[in-house]
> 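Submitted below is the structure of interest, expressed as structure tokens.
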Amino acid sequence: MASILFYILAFVLLAATLLCVTCRNPVHAVIYLVKGFFALALMFYLLGAPLIAAWEVIVYVGAIMVLFLFIIMVLELAPREQPQGPGWKRWVPGLMLAAAVIFCSLLIIFQDPSAASGNPAHFVGPRAFGEALFGRFGLAVEVVSFQLLFAAVGAYYLGRYQPREQDKEETS
Amino acid sequence: MIVPFGHVLAIAVILFVLGLTCTVVRRQLIMILIGVEIMLNAAALVLVGASAHWQQVDGQLFVVLLMAVTASEVAVALAMVFYLRHRQGSAVADDFNRMHG
């Protein structure tokens, strides 16, 4: 049962990624990748990592992909929309992938009550996770926190406001 | 373990190759970064699969560190795309193939 779901989700993930790679419009590519990451989060859950599945949705889908969309829209990287309305053929792949992900998640919740209560094959609870993360891997957490700080400082440095040369001349 | 570990590895390899293809083939800087994201997710899939295979929590912990690495990489890379677009007026990789000697 769970293995069949896993293969369906793997197919959804690979199909969505293939559509993302081949799509010409960056906005469509990012949305397809979001759909693939939802399938990947369900696969993580089936492999016994519910916390990672939640963070996949929160961090990847909620933060990183939205950041990509934000940059695409700010820089206007997407080509202009064609004047004619979207034909129904363009809806088919997205709708099928979304239907597969929704079907699999509903099946996990309703057909497999042990999985819904948080007990798949090898379940890693938050307590064991946190103890291992802040016990044995405490130094790694410190190093990663430094890295995040450096990345924030670097991004701030790159994005700081600099008036252009002609703007300076105009104001002076 | 609900599926054989080899199948997880096969899925991850296909995902990684798709990301590599996206990185190599596409010319827009945004799509190159998306290819890097796909490759990092293939690595995360391998780590979670290995964690389930050997019944150890270490693989999942490493995925958390990988997410932090990805977040910092995306922050700096997107800031650089923004910077390049404002300085050079382009976000296509082919426009940046010359150095000021």
Side-chain angles (χ1 to χ4, degrees), chain A residues 1-3 5-7 10 13-14 17-18 20-21 26 29-30 33 36-37 40 43-44 46-49 51-52 55-56 59-60 63-65 67-68 70-72 74-75 77 120-122 124 128-129 132-133 136-137 140-141 143-145 147-148 150-152 154-159 162, chain B residues 1-4 7-8 10-11 14-15 18-19 21-22 25-26 28-31 33-35 37-38 40-42 44-45 47-49 51-53 55-65 67-87 91-92:
Chain A
M1 171 64 203
S3 56
L5 271 182
F6 186 87
Y7 290 125
L13 170 64
L14 294 179
T17 311
L18 187 65
C20 161
V21 171
V30 168
L33 200 60
F37 283 169
L40 188 63
M43 285 164 73
F44 285 165
L46 286 176
L47 287 173
L51 217 57
I52 300 294
W55 286 350
E56 175 86 13
V59 175
Y60 270 103
I64 293 178
M65 286 300 132
L67 197 61
F68 271 103
F70 183 69
I71 289 292
I72 290 170
V74 165
L75 297 184
L77 295 178
H122 168 62
V124 178
F129 194 88
L133 181 62
R136 273 186 298 151
F137 288 84
V141 172
V143 172
V144 160
S145 68
Q147 185 200 10
L148 283 170
F150 294 153
Y156 184 70
Y157 175 76
L158 282 175
Q162 344 167 257
Chain B
M1 191 72 177
I2 52 171
V3 289
H7 292 188
V8 177
I11 292 164
I14 298 171
L15 195 61
L18 279 173
T21 314
C22 185
V25 172
R26 302 299 296 263
Q28 278 179 312
L29 289 174
I30 288 283
M31 294 307 293
L33 291 175
I34 285 174
E37 291 300 304
I38 296 169
L40 283 165
N41 271 280
L45 181 59
L47 286 168
V48 172
S51 166
H53 184 236
Q55 309 277 302
Q56 298 276 332
V57 76
D58 300 14
Q60 300 186 14
L61 296 177
F62 208 84
V63 173
V64 175
L65 305 182
M67 280 181 182
V69 171
T70 310
S72 47
E73 172 251 331
V74 162
V76 175
L78 287 179
M80 286 176 80
V81 170
F82 200 78
Y83 180 79
L84 281 175
R85 174 65 181 238
H86 270 262
R87 283 294 296 268
V92 178

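Chain letters run A, B, ... following the sequence lines, proteins first, then strands; residues in each count from 1.
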> Identify, with sequence neighbours excluded, every residue that meets ring-ring contact (aromatic ring centres under 6.0 Å, His included) alongside A:F44.
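A:F44 satisfies ring-ring contact (aromatic ring centres under 6.0 Å, His included) with no residue once adjacent residues are dropped.
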> Can you see which heavy atom on A:A151 is nearest to which on B:S72, and at what distance?
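For A:A151 and B:S72, the tightest heavy-atom pair comes out as CB-CB, 3.2 Å.
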> Only pairs of heavy atoms separated by less than 4.5 Å count here; which of B:A79, B:A91, B:G49 has the most with chain A?
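Among the listed options, the one with the most contacts to chain A is B:A79.
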> Taking every heavy-atom pair that is under 4.5 Å apart, which of B:M67, B:E73, B:H53, B:M80 has the most such pairs with chain A?
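Heavy-atom pairs under 4.5 Å are most numerous for B:M67.
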> Sequence neighbours excluded, which residues qualify as side-chain hydrogen bond (donor to acceptor under 3.5 Å, both in side chains) partners of A:Y157?
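Result, side-chain hydrogen bond (donor to acceptor under 3.5 Å, both in side chains) vs A:Y157: none returned.
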> Looking only at heavy atoms, what is the nearest atom pair of A:A29 and B:M31, with distance?
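That would be CB-CE, 3.6 Å.
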> Indicate the atoms forming the closest heavy-atom contact of A:P26 with B:Q28, along with that distance.
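Answer, listing the atom of A:P26 first, then B:Q28: CG-OE1, 3.5 Å.
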> Heavy-atom pairs under 4.5 Å with chain A: which of B:V63, B:V81, B:V69 has the most?
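Of the candidates given, the most pairs with chain A belong to B:V69.
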> Tell me which of these, B:I11, B:L78, B:V76, has more heavy-atom pairs under 4.5 Å with chain A than the rest.
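Top count of heavy-atom pairs under 4.5 Å with chain A: B:L78.
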> Report the option among B:L33, B:L61, B:L45 that has the most heavy-atom pairs separated by less than 4.5 Å from atoms of chain A.
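Ranked by contacts with chain A, first place is B:L61.
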> A:A132 and B:V57: which non-hydrogen atoms are nearest, and at how many Å?
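Minimum heavy-atom contact is CB-CG1, 3.7 Å.
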> First locate atom CG of A:L158, then atom CZ of B:F82, and finally report the distance between them rounded to the nearest 0.5 Å.
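One gets 11.5 Å once the value is rounded to the nearest 0.5 Å.
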> Are A:Y7 and B:H7 close enough that their ring centres sit under 6.0 Å apart?
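Centroid separation for A:Y7 and B:H7: below 6.0 Å.
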> For B:Q60 and A:I52, which heavy atoms make the closest approach, and how far apart are they?
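Looking at all heavy atoms of both residues, the closest pair is O-CD1, 3.4 Å.
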